[in-house]
Protein chains: 2
Amino acid sequence: MAKKSAFVVVNFMTDGEKDFNTMVVTPWEVKGEIDYKKLVKKFGTTFLSTKEITQIKEYSGGELHLLLRRGLFFSHRDFDWILQMLKKGEKFVLYTGRGPSGHTHLGHLVPWIFTKWLQDIFNVDLYFQLTDDEKFLFNQKFTFQESQNFAYENAKDILAVGFNPEKTHFIFDSQLTKTMYQIAVEVAKRVTFSTAKAVFGFVNESNIGMIFYPSIQAMPCFLPSVLQGKNVPVLIPAAIDQDPYWRITRDVAPKLGYYKPAAIHCKFFPGLAEGGKMSASEPDSCIFTTDDPNKAKKKIMRAFTGGRATIEEQKKLGGQPEICNIYWYEYYLFEPDDKKIEKMRSDCLAGKLLCGTCKKRLGEKVKQFLADHQSRREKITKEMIDEKIIKT
Amino acid sequence: MAKKSAFVVVNFMTDGEKDFNTMVVTPWEVKGEIDYKKLVKKFGTTFLSTKEITQIKEYSGGELHLLLRRGLFFSHRDFDWILQMLKKGEKFVLYTGRGPSGHTHLGHLVPWIFTKWLQDIFNVDLYFQLTDDEKFLFNQKFTFQESQNFAYENAKDILAVGFNPEKTHFIFDSQLTKTMYQIAVEVAKRVTFSTAKAVFGFVNESNIGMIFYPSIQAMPCFLPSVLQGKNVPVLIPAAIDQDPYWRITRDVAPKLGYYKPAAIHCKFFPGLAEGGKMSASEPDSCIFTTDDPNKAKKKIMRAFTGGRATIEEQKKLGGQPEICNIYWYEYYLFEPDDKKIEKMRSDCLAGKLLCGTCKKRLGEKVKQFLADHQSRREKITKEMIDEKIIKT
């Protein structure tokens, strides 16, 4: 059941249902079984179509990233417009962000990996926001210092993903500049409490920083235009739960003379436990980038699968890949070969594949993935991060 | 009658009354006949007593500023504590501010003149905040650029008052620094919407910048402590309508480990029209520092006085100094000699003094005052202001 707190957002919930599976999708909470069709309809976004996907191929040499090809990125706002503008010679910039509430996990990396791919094929600038003010304001027990420390920890992971170092810029909210504050104040003037309340569910107990905060998350949509002195199209790759921010920002944009930001949305990456997205608040369901690779493998070995109660049953009835986290990890991240993934699925359905085998295989892949990520991560220094932080 | 707008504050209003004389005192509106006794009671501040005033004399060589001696500064919060701390060796700093909604007028200069006197006798630092974000957020028709331009115009007047250039620091809100933002966010986390609504009267139509703004006005109370790396007592000389901000700030201070800011409050300086404070929204009732001195004298010649309808009546009944703006200007600002001011009053009451004489005399004084101020003001350059703006 949706927890009622000072900042629970009720902008999406299946009407009337109160059981565990009630879908709750807000920038701070994702719960229950997600019906993405319903979500796209309620949020008013558009499913990615063959038309846009075909156009991307022109820039990527015919290739499509696994996360796009297999549909983790599935919805958008004005992505077609971004491509039209590009054809006309108006290059876009990418903007995404991270709320530094703890260490980075695999689920966080997913949109970043895709964002890196977009940066590479389009050769564009990326503005990456670390919302350490948000995480401090929205979490009673968090100190601002803790939030700022995690911002640096997360930034190490961001750079370890391999973004183009020449074209990647950090916005650290706690290191806000006068330019950023001025943009945020321009946005804030155009958003009434009434609107913010309707979109984010603010209540009397919400603190006044939380209420202002949407202006800070909107700000990077306009910062590139201010810094470049001309209107710059912005594309935001992010999970769909962040969409309420872009809805507000898109309403304000024309009033300030800026383009509306465009977005490309992904679904939630599953955790290791049954149902739900990977969430740091349930550490055992999470593969953190700071986990010892062997420990991570052990977490995989304990993951929820689509397997049956006994080996006999599994052989007789077959497994259930559609509810199996191991399968989805392979599908979205670790097995790019379409034939192999299809064989994995059909063998499972036919009862020819047992969960132990799958877990072991994925465990090894994750272990290697983490070892590689960590070897890049440990080379990232505070100075390398600091030099990418926008200071004007 | 109190105008009902998106941000009218109802924290002080005489109950039930709806006529023109209803007292309204908020950070954005002062209206009606002001009953300072009621105000002190409702706001929960304390009248300045002989005890504090006597102690000030120890620092001022026995002298008292006219504005204190004649009671324009009349109320306080913890001013006695400021003096105790000083005795113990903990020096305070001064903090005051200006909302740059237009050019400076005489009414604005009044607390600054007194603040300069405090700076001189105690030899302390002054932090002067220009709230150009506030004026932009609270005024629908104002652009941020206009507000920022007026901030510089007002800063010229501030420096022309003659503050110690070595010990005066500007906080330009539109040039917010990361240190300032971090303090504001720490404050914001401790103020619920419920509290802000109760104190400032925010409504659904209030924009989300207005709601956050109290954190920005609270910030300079803690900035000196952050900059100096130790707890610093802060004394705020300002008109009493700003007190709601300090009430909120004082509630938050102990939660952040800072001293509560102390305040010393002044009454409202009268305009040239009948009743009300000097207000830029009624330009003819105002002496602006940018007015041509001769034009200013003409405004004085048209001022509302306590005079009677005819000279004959005046001679017979005597004038009414207690409702005469000309008298109050002399009393608070232009006639320091107690004997002379008393003679002015008694002659007026006795019908021996006519309004034309008084207006002419004050007109000359104001003309000279403006000429002097303007000759200092025109020497102030943007560079002189910029070098005093806090940038860390």
Side-chain angles (χ1 to χ4, degrees), chain A residues 6-7 131-145 147-148 172-200 202-216 218 248 252 256 389-391, chain B residues 6-7 131-145 147-148 172-200 202-216 218 248 252 256 389-391:
Chain A
F7 48 86
T131 63
D132 47 6
D133 55 348
E134 176 205 10
K135 289 302 164 185
F136 167 65
L137 286 164
F138 283 78
N139 184 335
Q140 267 318 315
K141 288 179 187 164
F142 228 37
T143 69
F144 207 174
Q145 195 52 59
S147 178
Q148 290 177 56
F172 270 53
D173 288 356
S174 62
Q175 300 184 40
L176 206 78
T177 68
K178 62 180 179 183
T179 308
M180 296 176 193
Y181 182 64
Q182 287 176 13
I183 297 170
V185 167
E186 290 276 7
V187 171
K189 189 172 178 176
R190 276 81 179 184
V191 180
T192 62
F193 178 65
S194 177
T195 300
K197 191 168 60 171
V199 175
F200 299 104
F202 294 127
V203 292
N204 274 336
E205 292 71 34
S206 303
N207 70 56
I208 60 176
M210 290 160 67
I211 296 170
F212 178 65
Y213 175 72
S215 327
I216 297 285
I248 285 217
V252 169
L256 297 178
I389 296 176
I390 297 175
K391 292 173 194 76
Chain B
F7 49 85
T131 63
D132 46 6
D133 55 348
E134 176 204 11
K135 290 302 163 184
F136 167 65
L137 286 165
F138 282 78
N139 184 336
Q140 266 319 313
K141 287 177 188 166
F142 228 39
T143 68
F144 207 174
Q145 194 52 57
S147 178
Q148 290 176 57
F172 271 53
D173 287 357
S174 62
Q175 299 184 39
L176 205 78
T177 67
K178 63 180 179 181
T179 308
M180 297 176 193
Y181 181 64
Q182 287 176 12
I183 297 170
V185 166
E186 290 276 7
V187 171
K189 188 172 179 177
R190 276 80 180 185
V191 181
T192 63
F193 177 65
S194 178
T195 299
K197 191 168 61 171
V199 175
F200 299 105
F202 295 127
V203 292
N204 273 336
E205 292 71 33
S206 304
N207 69 56
I208 59 176
M210 291 160 68
I211 296 170
F212 178 65
Y213 175 72
S215 327
I216 297 285
I248 285 217
V252 169
L256 297 178
I389 297 177
I390 297 175
K391 293 174 192 74

Relative to chain B, which segment of I248(A) carries a heavy atom at a distance below 4.5 Å: side chain, backbone, both, or neither?
-> neither

Can any side-chain N or O of Q175(B) pair as donor or acceptor with the backbone N or O of K178(A) at less than 3.5 Å?
-> no

Is T192(A) close to N204(B) at the side-chain level, that is, under 4.5 Å between some pair of heavy atoms?
-> no

Select one option (side chain, backbone, both, neither) describing which atoms of I183(B) are under 4.5 Å from chain A's heavy atoms.
-> neither

To the nearest 0.5 Å, how far apart are OG1 in T195(A) and CD in E205(B)?
-> 9.5 Å

Look at the side chain of K189(A) and the backbone N and O of N139(B), then say whether any donor-acceptor pair between them is shorter than 3.5 Å.
-> yes

Option that, when pairs with chain B are counted at under 4.5 Å, heavy atom only, ranks first among V191(A), V187(A), T177(A) = V191(A)

F136(B) versus chain A, heavy atoms under 4.5 Å apart: side chain, backbone, both or neither?
-> both

Y181(B) to D133(A) - nearest heavy-atom pair and separation | OH-OD2, 2.6 Å

Contact leader toward chain B among E186(A), M180(A), K197(A), where contacts are heavy-atom pairs under 4.5 Å | E186(A)

Structural part of Q148(A) lying under 4.5 Å from a heavy atom of chain B = side chain

Checking F202(B), F200(B), F193(B), F212(B) against F193(A) for ring pair (Phe, Tyr, Trp, His ring centres under 6.0 Å), the one that qualifies is F193(B)

Side chain to side chain contact (heavy atoms under 4.5 Å, CB included) partner of V185(A), the single match among I216(B), L176(B), D173(B), L137(B) | L137(B)

Between N207(A) and A188(B), what is the shortest heavy-atom contact and its length?
-> CB-O, 3.3 Å

